[in-house]
Enquirer: 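Before I ask anything, here is the structure I am working with.
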Amino acid sequence: SATSDPLQRAAFKVRQWGFYAGDQWRLRPDVTLTYGVRADAPTFPEKPSSNPIAVAAFGYATDVVPSHLQWSPRVGINYDLSGTGTRQLRGGIGLFSGRPAYVWISNQFGNTGIDFTRIGATTNAANRIPFVADPLSQPKVVTGATAGSFTNEIDVIDPDFKYPSVLRGNAGYDHQLFGGFYGTLDFVFSKTVKDIKYQNLNFAPNGATGIGGRPMFSRVNTSLSDVILLENTTKGHTWNIAYEARRPFSNGFFVQGAYSYGQAKSIMDGTSDQ
């Protein structure tokens with residue numbers, strides 16, 4: 001710990017306010033419209049420590065947390081083409097958003113570059129790194145650790161960063177087939193509106209190339225290890241089409257067959273906890 005608290009930790013609080021309003025409108029006996037809107041407003045009562053080095057070197061402050069209002073409207077329609085339920089058309093579209101795993105935000109609190117000091121040295125016969133079992137008495141000086149080995153990570157966040165959201169829609173057609181079979185055709189798609197994206201600001205191309213022409217990188221600031229920027233991306237989409245045939249029986253059994261095909265593309269999936 002580089003602070004007066006030997007048990008310094010990345011502790012923070014978050015309040016997630018959510019409001020929703022919706023309604024269902026029977027336009028005609030065979031047409032039903034469902035619509036609504038949701039508003040989400042995350043707030044952080046506390047902020048990470050401020051590190052002026054991050055602003056001077058990279059233009060981003062460490063004491064920034066998300067604070068915004070996100071609107072999520074959506075609408076759906078159901079149209080009974082036959083009037084008896086044997087042929088039904090349905091669909092909808094909406095903007096959907098949700099909170100990320102808060103470990104992505106806790107990085108801003110734990111890696112400000114001034115709350116902790118990292119010491120690194122390569123062990124060898126002449127340089128033995130001492131092991132200290134007491135977590136409150138860890139060494140602050142290690143033999144063999146040069147000035148460049150005292151490197152800290154800084155995590156910053158784009159002031160305009162917003163929680164992940166996607167534009168998602170679907171269209172479906174249900175119809176009665178021969179012999180008591182029912183068929184269902186579904187198409188679902190989504191387009192990324194806001195998703196997470198990470199970039200290491202402390203590494204830049206140095207003009208050299210490696211195997212296969214890959215660009216080589218060097219540290220921009222040698223006193224820092226990584227400077228990780230959390231921002232948004234709009235790239236990414238998914239779509240899927242599926243058809244299912246089903247035949248129920250009076251004794252509770254049924255037969256069913258389905259085929260599905262889809263595609264998904266993204267530049268980064270925030271599904272891990274690290």
Side-chain angles (χ1 to χ4, degrees), residues 16 18-40 42 70-104 162-198 232-274:
Q16 177 77 22
F19 307 91
Y20 176 78
D23 192 20
Q24 190 176 76
W25 183 15
R26 198 74 176 264
L27 292 173
R28 301 185 336 199
D30 55 356
V31 179
T32 302
L33 191 67
T34 304
Y35 49 91
V37 63
R38 180 180 177 88
D40 291 285
Q70 285 188 248
W71 294 95
S72 302
R74 66 284 306 266
V75 61
I77 188 171
N78 189 294
Y79 183 18
D80 186 355
L81 298 173
S82 63
T84 60
T86 57
R87 291 187 299 117
Q88 185 171 265
L89 188 66
R90 51 186 167 75
I93 190 170
L95 190 64
F96 299 87
S97 62
R99 71 170 183 85
Y102 281 119
V103 67
W104 303 114
K162 293 185 178 181
Y163 282 8
S165 61
V166 296
L167 178 67
R168 180 166 293 158
N170 79 294
Y173 178 61
D174 305 314
H175 57 128
Q176 186 174 3
L177 300 171
F178 56 88
F181 278 87
Y182 292 87
T184 298
L185 178 66
D186 277 296
F187 175 74
V188 182
F189 77 92
S190 67
K191 174 67 178 70
T192 297
V193 177
K194 298 289 183 182
D195 204 354
I196 66 166
K197 175 188 175 184
Y198 278 95
N232 286 126
T233 180
T234 60
K235 295 182 179 180
H237 70 268
T238 66
W239 62 267
N240 182 271
I241 187 169
Y243 186 82
E244 176 186 277
R246 181 185 180 98
R247 169 65 160 92
F249 295 94
S250 58
N251 57 6
F253 287 91
F254 66 90
V255 293
Q256 174 184 331
Y259 176 78
S260 176
Y261 182 81
Q263 184 185 81
K265 291 188 177 183
S266 67
I267 66 169
M268 181 172 292
D269 292 322
T271 56
S272 177
D273 62 349
Q274 297 184 24

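Counting begins at 1 with the first residue of the sequence. Note that this is a predicted model, so its numbers are computed, not measured.
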Enquirer: Do side-chain atoms of Asn232 reach the backbone of Lys194 as a donor and acceptor pair under 3.5 angstrom?
Expert: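 No, the answer is negative, given that no donor and acceptor are paired below the 3.5 Å cut-off.
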
Enquirer: Within the 4.5 Å heavy-atom criterion, are Phe96 and Val193 side-chain neighbours or not?
Expert: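 Heavy-atom side-chain distance check fails, nothing below 4.5 Å.
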
Enquirer: Do Asp40 and Ser72 pair up side chain to side chain, a donor and an acceptor below 3.5 Å, judged on atom types alone?
Expert: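 Side chains of Asp40 and Ser72: no pair found under 3.5 Å.
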
Enquirer: How long is the straight-line distance from CZ of Arg74 back to OH of Tyr35, given to the nearest 0.5 Å?
Expert: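 If we round to the nearest 0.5 Å, Tyr35:OH and Arg74:CZ are 14.5 Å apart.
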
Enquirer: What's the shortest heavy-atom distance between Gly180 and Arg247, and which atoms?
Expert: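 Here Gly180 and Arg247 meet closest at O-CD, 3.2 Å.
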
Enquirer: Count the heavy atoms belonging to other residues, nucleotides or ligands that lie under 6.0 Å from CZ of Phe253, then report whether that count exceeds 12.
Expert: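 No, the 6.0 Å shell around CZ holds no more than 12 heavy atoms from other groups.
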
Enquirer: How about Tyr79 and Arg28: do any of their side-chain heavy atoms sit closer than 4.5 Å?
Expert: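 SC-SC contact between Tyr79 and Arg28 confirmed.
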
Enquirer: Find out whether Arg246 and Thr184 are in side-chain contact, i.e. whether some heavy atom of one side chain is under 4.5 Å from a heavy atom of the other.
Expert: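 Answer no - side chains too far apart.
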
Enquirer: Give, for atom OG1 of Thr32 and atom CG of Leu27, the distance between the pair rounded to the nearest 0.5 Å.
Expert: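 Rounded to the nearest 0.5 Å, the OG1-CG separation comes out at 7.5 Å.
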
Enquirer: Considering only heavy atoms from C-beta outward, does the side chain of Lys235 approach that of Lys265 to under 4.5 Å?
Expert: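 They are not in contact (no side-chain heavy atoms under 4.5 Å apart), so the answer is no.
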
Enquirer: Quick one: does Trp71's side chain get under 4.5 Å of Val37's, heavy atoms only?
Expert: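 Yes; the side chains approach each other to less than 4.5 Å.
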
Enquirer: What's the shortest heavy-atom distance between Val166 and Thr192, and which atoms?
Expert: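 Val166 and Thr192 have their closest heavy atoms at CG1-CA, 4.3 Å.
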
Enquirer: Would you indicate whether Tyr261, at its atom OH, is surrounded by more than 12 heavy atoms from other residues, nucleotides or ligands within a distance under 6.0 Å?
Expert: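 Atom OH in Tyr261 is not crowded, with 12 or fewer foreign heavy atoms closer than 6.0 Å.
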
Enquirer: Does Tyr163 offer a backbone N or O that forms a donor-acceptor pair with the side chain of Gln70 under 3.5 Å?
Expert: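 Yes, Gln70 side chain to Tyr163 backbone: donor-acceptor pair under 3.5 Å.
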
Enquirer: Rounded to the nearest 0.5 Å, how far does CG of Leu167 lie from CD1 of Ile93?
Expert: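 If I round to the nearest 0.5 Å, the distance is 4.5 Å.
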
Enquirer: Rounded at 0.5 Å granularity, tell me how far CG in Asp80 sits from OG1 in Thr86.
Expert: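 Result: 7.0 Å between the selected atoms.
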
Enquirer: Checking Tyr243 now: which residues fulfil side chain to side chain donor-acceptor pair (under 3.5 Å) with it, not counting sequence neighbours?
Expert: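 So Tyr243 forms a side chain to side chain donor-acceptor pair (under 3.5 Å) with His175.
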
Enquirer: I'd like to check Asp195 versus Met268 (side-chain heavy atoms, cut-off strictly below 4.5 Å). Are they in contact?
Expert: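 Not in contact.
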
Enquirer: For the residue pair Ser260 and Asn240, establish whether any side-chain heavy-atom pair is separated by less than 4.5 Å.
Expert: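 The answer is yes; the side chains approach within 4.5 Å.
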
Enquirer: Between CG of Asp174 and CZ of Arg90, what distance do you get to the nearest 0.5 Å?
Expert: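 Separation between the atoms: 4.0 Å.
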
Enquirer: For the atom pair CG (Leu185) and CD (Glu244), what is the distance rounded to the nearest 0.5 Å?
Expert: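 Rounded to the nearest 0.5 Å, the CG-CD separation comes out at 11.0 Å.
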
